[in-house]
2 protein chains.
Amino acid sequence: MGLPDEQPRPAGTTWLRLYPRIGLHGRLVHQLGGRIGRGELAPGEALPPIDELLAVFGVSRTSIREAMRVLAAKGLIELRQRTGGRIRPMADWNLLDPDVLAWIDPFRLEPGLMAELAEVRLAIEPQAARGAALRATPADLEAIQVQFSTMEATALEGDLAAFYAADLAFHAGIFDASHNRFLTQLGRALMPALDRAFDLHRHHVLRREDPTHLRWRICPMHGAILEAIRRQDPAGAEQAMRLVIENAINELAYFEERGPNPWNDDRPAAPLPLSAGRPTCTRL
Amino acid sequence: MGLPDEQPRPAGTTWLRLYPRIGLHGRLVHQLGGRIGRGELAPGEALPPIDELLAVFGVSRTSIREAMRVLAAKGLIELRQRTGGRIRPMADWNLLDPDVLAWIDPFRLEPGLMAELAEVRLAIEPQAARGAALRATPADLEAIQVQFSTMEATALEGDLAAFYAADLAFHAGIFDASHNRFLTQLGRALMPALDRAFDLHRHHVLRREDPTHLRWRICPMHGAILEAIRRQDPAGAEQAMRLVIENAINELAYFEERGPNPWNDDRPAAPLPLSAGRPTCTRL
DNA sequence: CAGGTTAATAGATATGACTTTTTCCTGCCG
DNA sequence: CGGCAGGAAAAAGTCATATCTATTAACCTG
């Protein structure tokens, strides 16, 4: 059958609330969602009829239908009687659904999406920092502090993976500390995309070969946010966050000018084949 | 059976992309989603076992399961084998899913949500206005202009329903004109909640009995946004939008001080009974 | 009483029959 | 010749039932 084994959620991603990958239909959801998000199934295209999918994946109607319902619930496809499934234009997708955002490979397919993401970050995160300065509890502060300390330590050690993980958690912590449910949701939804942006940043930092950059430029800027939140200074926190994001945008823009798309180096060029060995259907 | 008839989408809500209310499972989704959103089924509570739901609604397993999958996809419930369905805490809901936001009755149950919404608007909408000033097409401008003209006309006539509909479409048009897919999505997601906020505003305007307010205060402020976008002035558009939202917040805060929760006047107090007449299950 | 084994339960999946909606074709009428 | 109406077919929607599987809880042994 054409379905991968069940995989546990990757470590260190507790802030993510992805649709469970368990059961046949759950794996199917992520399989098809990923295909759509990567553009292997183009918007406007019709999905194969159920009987065909049924044969390709080797699962029952029930599972196929449940998976389709989930994808429809997230706006990726449209289901109509007689016509069958059809992939909706990206504008109709629930882009703020963590699953959908995780399925999209924004930088490989659509460089413009990253600029749009930056714009949203610039709108949202300073406001979240402001909220955190107003309403953070001691526990919130402690959580953010821990991530900041981790950032400082790992930046010195050169453990980039740990550094960016802590960076991500730092930003997530501020969203949580804002105690605004919409902002928290929004932060969570954006995390997968932010993760990709950080990957890109890391890639460029590696090329640049300047290990002091993270420790002596990025860390102090984040420290300023933490301090402003600690002294309950909304304007200061907002401004400090704005600086961090503008810096990230500038660095990426600076990096982008040089060299081709870095994704092509370390990622498989061709998508993996979906079905293990049943040439029943050529479309999927 | 306990399901309402199929209902077409209300007029004038083309910007909304709600889960279709068609078919048995679609109606079931909105039925259960509404119950959860209104708090009639509390977080942490277990859903009745499938066989019970099956008996209550008089539909088959298939439809029940598909509806449950959709709700799970939107983060409202968690499904586990043997244990069954359980309502997740609101923090886990996909609050930025238009359906979820439409199901929540934010102001009846949680006045705080409205303040949080205002904070998000204050972060998002000025940025959207800035984007619109940078990237609006003539067609975008035309669409916004039409809504603005409608606002001016209906404000004079005193047709409040039409006025607020145009106001909503005005804001939606700016989101669209920003040509930022995340902002557009975000705008769409917030529209149902914004609609409620406008309802509240209208209610207060009616009490205030000052028909000139809309025409000579609200409209000019919106006109300033339109003009700034037209002359491609990002800073001006951002500032004008900020003024509109801050004004709305202030007016609502001003209104809130007086009188009790206005929702209690014109809404049915008790929720409608779900099942037509089968006393099989007392929990639903 | 602890720990592991087993049996029962309820959801998950499979399957095939039946229903409903939509599309498309055909033929009639203007 | 074009358009509309009616009917046939196709594919999704729904249903009923059966089997599979994971989880819980009872139970049994040491």
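Quick caveat, the model's predicted, so the values are computed rather than measured. Throughout, protein chains are lettered first and strands after them, A, B, ... in sequence-line order, and every chain is numbered starting at 1. All values below were derived from every heavy atom in this structure, side-chain atoms included, with hydrogens, water molecules and symmetry-related copies excluded.
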Length of the [atom1]-[atom2] vector between [X] and [N], whole Å:
X: A:M68; N: D:dT14; atom1: CE; atom2: C1'; answer: 15 Å
X: A:I64; N: C:dT15; atom1: CD1; atom2: C1'; answer: 14 Å
X: A:I22; N: C:dT13; atom1: CD1; atom2: C1'; answer: 14 Å
X: B:L47; N: C:dG11; atom1: CG; atom2: P; answer: 10 Å
X: A:I50; N: C:dT13; atom1: CD1; atom2: C1'; answer: 15 Å
X: A:F57; N: C:dA14; atom1: CZ; atom2: C1'; answer: 17 Å
X: B:H25; N: D:dT14; atom1: NE2; atom2: C1'; answer: 11 Å
X: A:E52; N: D:dA10; atom1: CD; atom2: P; answer: 16 Å

Whether A:F198 and A:Y164 hold their rings parallel, tilted or perpendicular, with breakpoints at 30° and 60°: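 The rings of A:F198 and A:Y164 sit tilted, inter-plane angle from 30° to 60°.
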
Between A:E78 and A:I87, is there a donor-acceptor pair closer than 3.5 Å when you use the side chain of the first and the backbone of the second? no

So does A:D97 get a backbone contact from the side chain of A:N94, meaning a donor-acceptor N/O pair under 3.5 Å?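 It does not hold such a pair.
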
With the side chain counted from C-beta on, respond yes when A:V29 and A:W103 share a heavy-atom pair under 4.5 Å apart, and no when they do not.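 Answer yes - side chains close enough.
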
Would you indicate whether the side-chain heavy atoms of B:D51 and B:R61 approach each other to under 4.5 Å?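 They are in contact (side-chain heavy atoms under 4.5 Å apart), so the answer is yes.
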
Which nucleotide, D:dC15, C:dG11, C:dT13, lies nearest any side-chain atom of B:V59? D:dC15

Listed nucleotide nearest any side-chain atom of B:S60, set D:dA12, D:dT14, D:dT17: D:dT14

Note: for B:R61 and B:G26 on DNA chain D, the residue whose nearest nucleotide lies more 5' is B:G26

Under 4.0 Å, counting only non-hydrogen atoms across every strand here, what does A:T62 touch: a base, just sugar-phosphate, or nothing?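 It contacts base atoms.
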
Look for any protein N or O under 3.5 Å of an N or O in nucleotides 22-24 of chain C and output each such pair with its distance, or none.
{"residue": "C:dT23", "atom": "OP1", "partner": "A:R80", "partner atom": "NH2", "Å": "2.7"}

Check the side chains of A:T62 and A:E66 for a donor-acceptor pair under 3.5 angstrom, ignoring hydrogens and angles.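 No, because no side-chain N or O of A:E66 sits under 3.5 Å from a partner of the opposite role on A:T62.
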
Specify the closest pair of heavy atoms between B:Q185 and A:A91, including all atoms of both residues, with the distance to one decimal. NE2-O, 3.0 Å

